[in-house]
2 protein chains.
Amino acid sequence: MLDGFRRAIGIEPDFDNCPIRGVLDRIGDKWSTLMVLTLALRPHRFGELKRAIPDISQRMLTQTLRDLQRDGYVARKVFPTTPPAVEYRLTDLGRSLMVPLAGLVDWAVKTRGEVEAARAAFDRENV
Amino acid sequence: MLDGFRRAIGIEPDFDNCPIRGVLDRIGDKWSTLMVLTLALRPHRFGELKRAIPDISQRMLTQTLRDLQRDGYVARKVFPTTPPAVEYRLTDLGRSLMVPLAGLVDWAVKTRGEVEAARAAFDRENV
DNA sequence: CTGTATCCGATGAGATACTG
DNA sequence: CAGTATCTCATCGGATACAG
């Protein structure tokens with residue numbers, strides 16, 4: 001089972017076209033997870049997202065949305081009004097990601113204390 | 001529930017000391033996950049890890065191990081022989097991470113096709 | 001064998017200014 | 001309103017050389 005993980009996760013030589021790597025990269029980057037969780041609440045327009053995640057730069061907002069859209073997690077819908085309105089919403093695929101993501105969040109919250117203690121101990125020993 | 005996620009995952013103003021962020025950062029970086037999965041098989045010595053993950057540089061091997069050790073996922077044990085031997089093994093905390101991680105891996109494998117199709121479609125539309 | 005130290009290029013990400 | 005285009009700086013990560 002674990003050996004299967006290793007292969008799946010990118011042990012050479014197929015590191016690049018690994019099915020997991022793409023997901024991990026997206027989950028690991030600074031804004032994707034927060035944006036998915038925000039869009040899980042309800043669809044948002046561009047400006048709404050900016051206000052919902054106040055400290056994201058416009059550049060990163062655009063780029064993260066593009067990446068999420070490219071992977072099929074987010075759908076972009078343009079309303080040709082003046083001024084233009086654009087709505088972003090999670091796709092079914094994006095919503096399905098919430099399940100394993102929730103597992104991770106849950107684990108992180110539960111083990112928070114242990115991790116903090118481990119860090120404190122480590123830093124104490126390594127002046 | 002989702003609102004709780006947002007707070008937990010680092011919506012301002014407590015982005016830095018967020019319990020999730022640390023986990024996500026570790027999961028997202030290039031080598032941590034692969035190393036955890038490798039150590040989940042059995043304890044490894046430094047050189048064994050290097051051989052098990054052939055394309056990691058010595059610099060990144062050391063650094064990733066330090067980070068994992070600091071967070072309490074990995075335990076380092078030195079045998080004062082000559083030449084020195086050092087063994088790395090998962091802690092209970094590290095092993096417990098396998099559960100949500102497995103969920104993520106599982107999801108990634110299952111949705112692989114959808115993601116690939118989404119990417120192809122996106123790239124087709126955006127010449 | 002198990003690491004450190006250094007250099008350096010590639011990428012990530014913020015700030016700012018401009019456009020249909 | 002919903003983006004692009006630059007510029008710039010920090011961090012990531014590989015290669016190489018050295019050390020206990």
Side-chain angles (χ1 to χ4, degrees), chain A residues 10 12-13 15-16 18 21-22 24-35 38-39 43-71 74-89 122 125-127, chain B residues 10 12-13 15-16 21-22 24-35 38-39 43-70 74-89 122 125-127:
Chain A
E12 286 305 286
F15 194 101
D16 275 341
C18 156
R21 179 56 49 185
L24 254 39
D25 284 351
R26 204 113 317 287
I27 287 202
D29 87 39
K30 192 168 180 180
W31 300 111
S32 291
T33 331
L34 188 50
M35 201 163 313
T38 303
L39 289 176
H44 281 67
R45 290 180 53 184
F46 190 86
E48 283 182 311
L49 275 172
K50 237 184 109 175
R51 282 187 296 279
I53 311 176
D55 54 336
I56 193 174
S57 67
Q58 206 155 2
R59 186 186 183 287
M60 280 300 102
L61 179 55
T62 303
Q63 182 175 310
T64 305
L65 283 171
R66 280 282 174 289
D67 291 342
L68 291 174
Q69 187 194 349
R70 176 164 189 268
D71 282 1
V74 164
R76 178 175 182 270
K77 187 169 182 185
V78 182
F79 300 90
T81 57
T82 49
V86 179
E87 186 201 71
Y88 293 92
R89 64 167 66 232
F122 183 91
E125 287 164 23
N126 301 265
V127 210
Chain B
E12 286 306 285
F15 195 100
D16 276 340
R21 178 57 49 184
L24 254 39
D25 285 350
R26 203 115 314 289
I27 287 202
D29 87 41
K30 192 168 180 182
W31 301 110
S32 292
T33 331
L34 187 51
M35 202 163 314
T38 304
L39 289 177
H44 281 67
R45 291 182 51 186
F46 189 86
E48 283 181 313
L49 275 172
K50 239 184 104 174
R51 282 189 295 279
I53 311 175
D55 54 337
I56 193 173
S57 65
Q58 207 158 356
R59 184 186 185 285
M60 280 300 103
L61 178 55
T62 304
Q63 181 175 311
T64 305
L65 283 171
R66 279 285 173 286
D67 291 343
L68 292 174
Q69 188 194 348
R70 177 165 189 267
V74 164
R76 178 174 182 269
K77 187 170 181 182
V78 182
F79 299 90
T81 55
T82 48
V86 179
E87 185 202 72
Y88 293 92
R89 64 166 67 228
F122 183 91
E125 288 164 21
N126 302 266
V127 211

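Residue numbers start from 1 in every chain, and the chains themselves are labelled A, B, ... in the order their sequence lines are given, proteins ahead of strands.
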Subject >> side chain to side chain donor-acceptor pair (under 3.5 Å) involving A/R76 - partner list, sequence neighbours excluded >> reply: A/Y88
**OP:** Work out which heavy atom in A/V78 is nearest to a heavy atom in A/P80; give both atom names and the distance.
**Re:** O-CD, 3.7 Å
Original post:
How many angstroms lie between CG in B/L49 and CZ in B/R51, if you round to the nearest 0.5 Å?
Top reply: 9.5 Å
**OP:** For A/Q58, enumerate each residue passing the side chain to side chain donor-acceptor pair (under 3.5 Å) test, keeping only those at least two apart in sequence or located in another chain.
**Re:** none
**OP:** Please list, chain by chain and in numerical order, all residues satisfying side chain to side chain donor-acceptor pair (under 3.5 Å) with B/D29, sequence neighbours excluded.
**Re:** B/R26, B/S32
Original post:
Going by number, which of residues 58-66 of chain A have a non-hydrogen atom under 4.0 Å from DNA chain D?
Top reply: A/Q58, A/R59, A/T62, A/R66
Original post:
Hey, can you pull the residues of residues 78-85 of chain A with a non-hydrogen atom under 4.0 angstrom from DNA chain D?
Top reply: A/P83, A/P84, A/A85
**OP:** Would you work out how much the helix from C/dC1-D/dG20 to C/dG20-D/dC1 bends between its ends, with each end axis defined by five base pairs, to 10 degrees?
**Re:** 40°
Original post:
Residues two or more places apart in sequence or in another chain: which of them pass side chain to side chain donor-acceptor pair (under 3.5 Å) with A/R89?
Top reply: A/E87
**OP:** State the CG-NZ distance between B/D55 and B/K30, to the nearest 0.5 angstrom.
**Re:** 7.0 Å
**OP:** Calculate, to the nearest 0.5 Å, the distance between atoms CE and CD1 belonging to A/M35 and A/I56 respectively.
**Re:** 4.0 Å
**OP:** Check B/L24 against A/I27 and note the closest heavy-atom contact, atom names and distance.
**Re:** CG-O, 3.9 Å
**OP:** Please round to the nearest 0.5 Å and tell me the distance separating atom CH2 of B/W31 and atom CD of B/Q63.
**Re:** 12.5 Å
Original post:
Are B/T62 and B/F46 close enough that some pair of their side-chain heavy atoms sits under 4.5 Å apart?
Top reply: yes
Original post:
Who are the side-chain contact (heavy atoms from CB on, under 4.5 Å) partners of B/S57, not counting sequence neighbours?
Top reply: B/R59, B/M60
Original post:
Of all heavy-atom pairs between B/E48 and B/R45, which one has the smallest distance, and what is that distance?
Top reply: OE1-N, 2.7 Å
Original post:
Does the side chain of B/L34 reach to within under 4.5 Å of the side chain of B/T64, using non-hydrogen atoms?
Top reply: no
**OP:** Considering only heavy atoms of chain B and a distance under 4.0 Å, specify the first and last nucleotide of DNA chain C in 5' to 3' order that meet this criterion.
**Re:** C/dC1 to C/dT6
Original post:
How many angstroms lie between atom CD1 of B/I53 and atom OG1 of B/T38, to the nearest 0.5 angstrom?
Top reply: 4.0 Å
Subject >> Outermost DNA chain D nucleotides near chain B [under 4.0 Å, heavy atoms] >> reply: D/dG13 to D/dG20
